[in-house]
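For the single chain, residues carry numbers from 1 onward in sequence order.
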Amino acid sequence: MRQPEQRAEGAGPFLTRLTWQPPGGGTAVWDSRLARRRGLITVHPPGAAAARHAGADDTAVARLRRLNAIAATAFVLGGALFAAGAAVAQFGSGDATTCASLYFAGGLCFNTGGGASLLQVINAPRHVPGAEGALVTQRWRWWSHEPARADWLSTFILFAGTLVFAVNLLASFLQGLTVQQINRLIWAPDMIGCVLFLISGHLALVEICHGRPRLLPRRLGWWIVAVNQLGSVLFMVSALAAYTRPVTGSLINADIANWGTLTGALCFSAGGLLQFFERP
């Protein structure tokens with residue numbers, strides 16, 4: 001029997017969009033981000049003038065809405081707390097404990113947002129290539145291992161980055177550290193976390209752009225990914241400026257470090273606000 005035609009899109013090993021002809025005729029299009037964030041698949045029935053969206057069942061929709069709300073709220077609060085910590089460092093009393101406390105609280109929110117984002121990918125409804133255009137709801141899972149999926153790898157690396165940041169944030173409470181200890185316990189985890197955030201953001205761009213970098217200003221998801229990636233770039237700028245010189249014991253540039261953190265954090269808050277609207 002002749003197999004239905006399929007057209008796969010993505011980059012490297014990552015499949016981010018699949019178009020096929022269902023047995024009943026017409027066309028079905030599975031888009032990775034649309035399916036996992038909004039629980040939708042695009043179907044063009046035979047003879048129809050336009051395509052339509054077919055939604056997942058109520059169980060999947062409820063999961064997606066709940067996890068999206070948790071992640072969005074966590075990133076809004078986390079970004080706001082990080083921005084507040086940077087503002088205190090730049091404009092306030094400069095009390096190290098106050099800044100560390102604000103950053104740590106923000107870090108816990110980022111942990112929550114990263115974990116909820118990963119769970120949303122793990123429990124997103126799945127498509128069945130070659131079948132009718134529909135999404136299938138699977139049983140709830142707390143973990144999966146799917147590194148060949150751009151969305152899974154992106155959110156897993158994001159979550160790992162938030163955990164690495166937690167090491168940095170906890171070490172910030174320590175007092176009496178030498179310059180070498182500061183760079184090893186605080187600065188190095190900060191740099192690693194920033195690199196992981198950048199990699200995660202790049203994979204998110206691969207997913208939504210289907211492998212080829214481009215501007216998609218009409219897609220809300222693209223704006224969310226772009227704003228978050230800008231935040232990651234600003235966090236990296238901040239981390240580079242926060243290196244403590246062994247000779248002088250001072251930061252490379254405290255102003256850039258604070259402003260990079262503040263503006264980067266506001267980007268994540270903005271991305272979280274936009275995420276509230278990218279739901280089923």
Among Leu34, Thr27, Thr19, find the one that has a side-chain contact (heavy atoms from CB on, under 4.5 Å) with Thr42. Leu34

Can you run down the side chain to side chain donor-acceptor pair (under 3.5 Å) pairs that involve residues 54-64, sequence neighbours left out, and say none if there aren't any? Asp57-Thr137

Val164 and its side-chain contact (heavy atoms from CB on, under 4.5 Å) partner, picked from Leu196, Asp190, Leu169, Val195: Leu196

Those residues at least two apart in sequence (or on a different chain) that pass ring pair (Phe, Tyr, Trp, His ring centres under 6.0 Å) with Phe276 are none

Looking at every heavy atom in both Ser117 and Gly113, which two are closest together, and how far apart are they? OG-O, 2.8 Å

Is it the case that the side chain of His202 and the backbone of Val206 share a donor-acceptor pair, with hydrogens and angles ignored and the cut-off at 3.5 Å? no

Examine distances only and state if a side-chain atom of Asn111 and a backbone atom of Thr162 form a donor-acceptor pair shorter than 3.5 Å. yes

Which pair of non-hydrogen atoms, one from Gly176 and one from Gln181, has the smallest distance, and what is that distance? O-OE1, 4.4 Å

Within the distance-only criterion (no hydrogens, no angle test), does the side chain of Ser269 pair as donor or acceptor with the backbone N or O of Val76 below 3.5 angstrom? yes

Sequence neighbours excluded, the answer for ring pair (Phe, Tyr, Trp, His ring centres under 6.0 Å) partners of Phe165 is Phe197

Residues pairing under ring pair (Phe, Tyr, Trp, His ring centres under 6.0 Å) where one sits in residues 167-188, two or more places apart or in two chains, turn out to be Phe104-Phe173, Trp187-Tyr243

Option passing ring pair (Phe, Tyr, Trp, His ring centres under 6.0 Å) with Phe110 (candidates Phe75, Phe159, Tyr103): Phe75

Joining Ile, Leu, Val, Met, Phe, Trp and Tyr whenever any side-chain heavy atoms lie under 4.5 Å apart, the cluster holding Leu230 also takes in Leu234

Tell me if a side-chain donor or acceptor on Trp20 pairs with a main-chain N or O of Ala131 at a distance below 3.5 Å. yes

Strictly under 6.0 Å, is that where the ring centroids of Phe82 and Phe268 end up? no

Enter the distance from Asn228:CG to Leu158:CG here, rounded to the nearest 0.5 Å. 8.5 Å

Is a side-chain donor or acceptor of Trp259 paired with a backbone partner of Ser238 at a separation under 3.5 angstrom? no

Would you find a donor on one side and an acceptor on the other, under 3.5 Å apart, between the side chain of Ser200 and the backbone of Ile157? no

Residue pairs involving residues 270-280 (criterion salt bridge (Lys or Arg N to Asp or Glu O under 4.0 Å); sequence neighbours excluded): Arg33-Glu278, Arg37-Glu278

Spell out, as yes or no, whether a donor-acceptor pair under 3.5 Å connects the side chain of Gln229 to the backbone of Leu205. no

To the nearest 0.5 Å, how far apart are CD1 in Ile182 and CG in Leu185? 9.0 Å

Report yes or no: does Trp143 contribute a side-chain atom to a donor-acceptor pair with the main-chain N or O of Ile122 at less than 3.5 Å? no

Considering all heavy atoms of both residues, which atom of Cys267 and which atom of Val227 are nearest to each other, and what is their separation? O-CG1, 3.1 Å

Describe, in one word, how the ring planes of Trp152 and Phe156 are oriented to each other, choosing from parallel (under 30°), tilted (30 to 60°) and perpendicular (over 60°). parallel

